[in-house]
*Asks:* 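Structure incoming, see below.
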Amino acid sequence: IFSIFESHKLPIITEISTNSPNCPQRCLVVKNQQIFSRDSEEISDILPSICQRLSLGKTSTCETTTESLGEEVDAIFKLKESTSQGRLFQFSGATGVVEVVEVFHYCQDDLDLNNVFMLHAHDEIYLWFGSKSSHATKVVSVETASNYGKLFPTVPRTMVIRNPFQEPPEFTRYFPAWSKSLYPENKKTLPPCDAVSVEEVQKEFSRKFYSYQELLSENLPPGIDATNLEKYLGDDEFVEIFKMNRTEFEELSDWKKETLKKSVYLF
């Protein structure tokens, strides 16, 4: 079974990784709705994921040899060596309060775009920002990751992934059977993006003031209250735009404030 891939030159549909960090490189063979391997017990944890992706009706395995399978097989999977999985935590703000739960036996499908996830593996922590997750959830996750890292004698490096479907291999290697086949069609050809440091994200989140041009953008910075854009202007630029200082502006009636804001497109 270790040589069947090379001898028959069948295409590898994908690669899957076992949870064992010390396993040698080998193959799984699919034939007649069954998966064959010499290590049926060791791969038991990843069988449900494989069977779901192949729409197999059975999950049985058995120890076998190349000769017993013959030449006609349905698919061959190359098992590669991989590091063991880490711990995955989900941050959800659906109820208005950010809730954190640990996700056990996780896989790629668990990464919900509505949430934020924190992966701790070895000496690294990754925060994965779902594209539909709220700014408040992201802020809580960053604070939590920073505090969580301090629990260890050697503080893990904490990185942030802001572009779903462009995850770097340093992150995806911790997910069994990660595959671009699960990406939306318009995302499958996008190149991976490097993760950024959590310190860089914290700096962005701590900003209190933005330039007038930034506030005119269709894509406002995260966490901005679009109904009160004027409060994010620095004092000097506020006077330059509104021709009065903040105190004078606040003394105006509400309808005059709104009229001024519309005249400078901050509404």
Side-chain angles (χ1 to χ4, degrees), residues 15-23 45-46 49 80-180 182-184 187 190-208 221-224:
E15 289 190 339
I16 56 178
S17 304
T18 69
N19 291 329
S20 170
N22 299 316
C23 64
D45 289 342
I46 59 174
S49 175
K80 60 181 180 181
E81 294 184 14
S82 68
T83 54
S84 59
Q85 282 186 271
R87 299 180 68 187
L88 186 71
F89 300 88
Q90 174 183 285
F91 293 76
S92 174
T95 63
V97 177
V98 179
E99 299 177 345
V100 185
V101 296
E102 184 166 6
V103 182
F104 298 97
H105 307 296
Y106 63 83
C107 65
Q108 180 182 358
D109 287 333
D110 290 314
L111 297 177
D112 185 345
L113 294 176
N114 295 294
N115 300 319
V116 173
F117 291 84
M118 182 178 76
L119 173 69
H120 177 211
H122 301 297
D123 58 348
E124 296 177 318
I125 294 175
Y126 286 96
L127 285 173
W128 184 91
F129 286 176
S131 56
K132 299 179 182 179
S133 60
S134 69
H135 178 69
T137 304
K138 294 174 182 177
V139 170
V140 170
S141 71
V142 168
E143 293 175 352
T144 303
S146 298
N147 292 327
Y148 176 80
K150 295 174 184 177
L151 298 175
F152 302 92
T154 302
V155 178
R157 182 185 69 151
T158 303
M159 306 296 289
V160 179
I161 295 172
R162 297 185 289 189
N163 303 94
F165 311 115
Q166 291 183 270
E167 295 85 352
E170 294 80 11
F171 175 79
T172 60
R173 63 179 173 170
Y174 295 114
F175 288 79
W178 186 281
S179 174
K180 283 193 172 185
L182 300 179
Y183 291 14
K187 302 288 187 181
L190 294 177
C193 283
D194 292 334
V196 298
S197 70
V198 72
E199 290 79 14
E200 181 177 336
V201 175
Q202 285 175 318
K203 185 177 180 180
E204 292 178 5
F205 286 175
S206 64
R207 284 187 66 182
K208 294 182 179 179
I224 291 290

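This one's a predicted model, so the numbers in the text were calculated from it and none came from an experiment. Position 1 is the first residue of the sequence, and the numbers go up from there.
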*Asks:* Testing the basics here: between T158 and A145, what is the closest heavy-atom pair and its distance to 0.1 Å?
*Replies:* CG2-CB, 4.1 Å

*Asks:* Can you confirm whether N147 is buried at CG, in the sense that more than 12 heavy atoms of other residues, nucleotides or ligands lie under 6.0 Å from that atom?
*Replies:* yes

*Asks:* Using the side-chain contact (heavy atoms from CB on, under 4.5 Å) rule, take E143 and Y148 through it: C-alpha gap first, then chi angles, then the decisive distance, then the call.
*Replies:* CA-CA 9 Å; E143 293 175 352; Y148 176 80; over 6 Å; no

*Asks:* Would you please classify the geometry between the F205 ring and the F129 ring as parallel, tilted or perpendicular, with 30° and 60° separating the classes?
*Replies:* parallel

*Asks:* With side-chain contact (heavy atoms from CB on, under 4.5 Å) as the criterion, how do L190 and Y183 come out once you've worked through the C-alpha distance, each side chain's angles and the decisive distance to 0.1 Å?
*Replies:* CA-CA 10 Å; L190 294 177; Y183 291 14; over 6 Å; no

*Asks:* Quick one: pull up CG in L182 and CG in D109 and give me the separation to the nearest 0.5 Å.
*Replies:* 5.5 Å

*Asks:* On the 0 to 90° scale, with breaks at 30° and 60°, tag the F171-W178 ring pair as parallel, tilted or perpendicular.
*Replies:* perpendicular

*Asks:* Under 4.0 Å between a Lys/Arg side-chain N and an Asp/Glu carboxylate O for K138 and E204?
*Replies:* no

*Asks:* Does H135 reach the main-chain N or O of T137 with its side chain, forming a donor-acceptor pair under 3.5 Å?
*Replies:* no

*Asks:* What closest approach, in Å, do V98 and A136 show between heavy atoms, and which atom pair accounts for it?
*Replies:* CG2-O, 4.3 Å

*Asks:* Rounded to the nearest 0.5 Å, how far apart are CZ of F89 and CZ of F117?
*Replies:* 12.5 Å

*Asks:* Tell me the closest heavy-atom pair linking I125 and G149, and the distance in Å.
*Replies:* CD1-CA, 4.0 Å

*Asks:* Less than 4.5 Å apart, any side-chain heavy atom of P168 and any of M159?
*Replies:* no

*Asks:* Less than 4.5 Å apart, side chain to side chain, heavy atoms only: is that true for F91 and V100?
*Replies:* yes

*Asks:* Going from CG on N114 to OG on S134, what distance comes out if it is rounded to the nearest 0.5 angstrom?
*Replies:* 10.0 Å

*Asks:* Between L113 and F165, is a side-chain contact (heavy atoms from CB on, under 4.5 Å) present by the stated rule, with each step listed?
*Replies:* CA-CA 10 Å; L113 294 176; F165 311 115; 4.2 Å; yes

*Asks:* Hey, what do you get for OG1 (T172) to OH (Y126), rounding to the nearest 0.5 Å?
*Replies:* 9.5 Å

*Asks:* Once you round to the nearest 0.5 Å, how far does NZ of K180 lie from CD of Q108?
*Replies:* 11.0 Å

*Asks:* Atom CZ in R173, atom CD in E167: separation rounded to 0.5 Å?
*Replies:* 14.5 Å

*Asks:* Between the main-chain N or O of R157 and the side-chain N or O of E124, is there a donor-acceptor pair closer than 3.5 Å?
*Replies:* no

*Asks:* Should V198 and V142 be marked as a side-chain contact (heavy atoms from CB on, under 4.5 Å) after you check the CA-CA gap, both sets of side-chain angles, and the distance that decides it?
*Replies:* CA-CA 7 Å; V198 72; V142 168; 3.7 Å; yes

